[in-house]
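Have a look at the structure below before the remarks.
Reminder, nothing fancy here: chain letters follow the sequence lines and each chain counts from 1. Computed from a prediction, not measured in an experiment: that's the story for all the values here.
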2 protein chains.
Amino acid sequence: MEDSNRSWYFAERPDGEPDADSFELREEPVPDPDAGDLLVRVGYLSVDPYMRGRMRDTESYAEPWDVGDVLKGGIVGEVVESKSEQYDAGDFVTGQGTWSEYSVVDADDVAPVDPEVADLPAYLGVLGMPGRTAYFGLLDVGEPKPGDTVVVSGAAGAVGSVVGQIAKLNGCYVVGFAGSDEKTQWLTDDLGFDAAINYKDTDDYGAALDDVAPEGVDVYFDNVGGPITDAVFTKLNLDARVAVCGQIAHYNDEDVPTGPRKLPLLIAPRAKVQGLLVGDYATRFGTASEQLAQWVANGEIAHRETVVDGLENAPDAFLGLFSGDNIGKQVVRVAE
Amino acid sequence: MEDSNRSWYFAERPDGEPDADSFELREEPVPDPDAGDLLVRVGYLSVDPYMRGRMRDTESYAEPWDVGDVLKGGIVGEVVESKSEQYDAGDFVTGQGTWSEYSVVDADDVAPVDPEVADLPAYLGVLGMPGRTAYFGLLDVGEPKPGDTVVVSGAAGAVGSVVGQIAKLNGCYVVGFAGSDEKTQWLTDDLGFDAAINYKDTDDYGAALDDVAPEGVDVYFDNVGGPITDAVFTKLNLDARVAVCGQIAHYNDEDVPTGPRKLPLLIAPRAKVQGLLVGDYATRFGTASEQLAQWVANGEIAHRETVVDGLENAPDAFLGLFSGDNIGKQVVRVAE
């Protein structure tokens, strides 16, 4: 074990699109775990779009980061020192930690990881928070029925890619929006989506939808917002359900974003639109994780991670989320 | 019985705000009822905001009016000739008819009216479609719980005035938006609303809400849309429910209306927004009507109708809806 521990700190609140100025790498001694804690050597670190919200000085569902704080997020790694009877050194765990080489976590707040079931990065994606978000968001909010047309924005992302595959397992016709041909090919060729639209190829998302989903939209799982979402709302079928999971198109907006009003579009189809946060389903995480692990083990759900190497590149990995650099889950490899 | 029958016909699709040019009064012979039909002398005629949608040449939940068609809407009146065993001449009925002095209706499609229970106009308001809309929209979509803060836009209208009173009967704290001091006084003094905001007195609806509903909004029943709705969406509490019943602020828009995006506001509170149409609850109309009649009979729900005299003034009564001329239900008195 090294003596020193590098960690990313929150240096400055961004105005609009964040850049490197918001991040500061510091070198400090490796921390000592207290009773009940574990010292974890971080293998992989998760960067997620919702973290942009934590950079704001406004209360929301995720606690705001204070300037000067160490950055927090999902990690998966190896226990190197245990002050808890629950884990031994050498065990692998996942949970909320810090953007560091070594992170101290409460043993009660992490979950065990079996590297035999899946590679470590999968525990930050399909077998982690994004997978559970897809599971509960689609099944509980989207309520897909066999034969439904399910449209997913951000479909090649960590959440969207799982949403579409769960929808296929539920007998739906699935269309994804993504931002490159490589992504749309992955969706249709590897993940079994029925159709995928490269939104960079057209300005008329409504016409693109008409081409591949002429019967309209029964379920819309929205990770993005903006003009894609504007188009989908004009195609909602009777009793359509919209799960508002993310709005990455607007996370860097400093002014209140404007666009076509959607409420007038909800009346005729009696559509339901609902915001979702995965934390609300915490009591059922076990069920979801078991099911997702089984689907992954059976090969019924494919997954992919985009890996950026080195803790020093974590800010770039985070910033890349907003330009769609990732296919599947974006992670940072901190150690082997 | 007169020999001639005056009726309003749809003369021209409006562009933007409709005016008298859309309406043409014709005089024709009194129609003969076929077998199973009733000839009804119309006592009162209902004009409703949703009819603006029927003036458009686009399919929606209510069948579009064709140019040259007689105008259709809710009526209450007296059977003057019956070709059905269900009703006799002299009975009073309510249902969908025409903007006429005499209207032929299918006996299967009307409901009996007891003028001893309530005056005829009430059957077009609190005991008619608007009352049932309030009932199902609030209870089924809004799901109010005791102690909830319920906000209603268009609160002094036919639907909103009933919504607020049902919310009070369910133990809620109720705030209404309306467009005159006479209306807000009616809401608080006669209908028991806890607070009412005259939206013409302020530009800052958010601040006005903070004053009277500092604990935020649990249920929003929206009849209006536009800037009032924009403000309410910034005040939604955890698990808030929004019933989108009407969007009268936008019914005359020819371009797609724009405004602040609302989906980003739904995630943190996990709010649910749902469009509603009363027709979906048709199998439970009996329950609602019985309950509403009982509340009216007990004096637990007050009601008011704004009466315009004379069939010739029906277009003005309709157009007045968009400038908020009515308090409570707007009706047209066609005959005594």
Does any heavy atom of chain A fall under 4.5 Å from the side chain of B:A271, the backbone, both, or neither of them? backbone
Need one label for A:D230: side chain, backbone, both or neither, based on atoms under 4.5 Å from any heavy atom in chain B. side chain
Side chains of A:K272 and B:K272: does their closest heavy-atom pair fall under 4.5 Å? yes
Can you tell if the side chain of A:T258 reaches within under 4.5 Å of the side chain of B:T258, non-hydrogen atoms only? no
Taking every non-hydrogen pair under 4.5 Å, which of B:S60, B:G259, B:C245, B:A249 racks up the most with chain A? B:G259
Begin with the C-alpha distance, continue with both residues' side-chain angles, and end with the deciding distance and a verdict on side-chain contact (heavy atoms from CB on, under 4.5 Å) for B:R270 and A:Q274. CA-CA 6 Å; B:R270 292 79 127 175; A:Q274 193 163 356; 5.6 Å; no
Given that the side chain runs from C-beta out, which part of B:D255 has a heavy atom under 4.5 Å from chain A: side chain, backbone, both or neither? neither
Under 4.5 Å from any heavy atom of chain A - which part of B:F233: side chain
Surrounding CD of A:E254 (heavy atoms of other residues, nucleotides or ligands, distance under 6.0 Å), is the total greater than 12? yes
Greatest number of heavy atom pairs closer than 4.5 Å to chain A - which of B:D280, B:L276, B:L265: B:D280
Could you have a look at B:T229, B:L263, B:L266, B:V256 and say which one has the most heavy-atom pairs with chain A under 4.5 angstrom? B:L263
Applying side-chain contact (heavy atoms from CB on, under 4.5 Å) to B:Q247 and A:R261, what does each step give before you reach the verdict? CA-CA 11 Å; B:Q247 296 278 287; A:R261 289 183 179 276; 5.7 Å; no
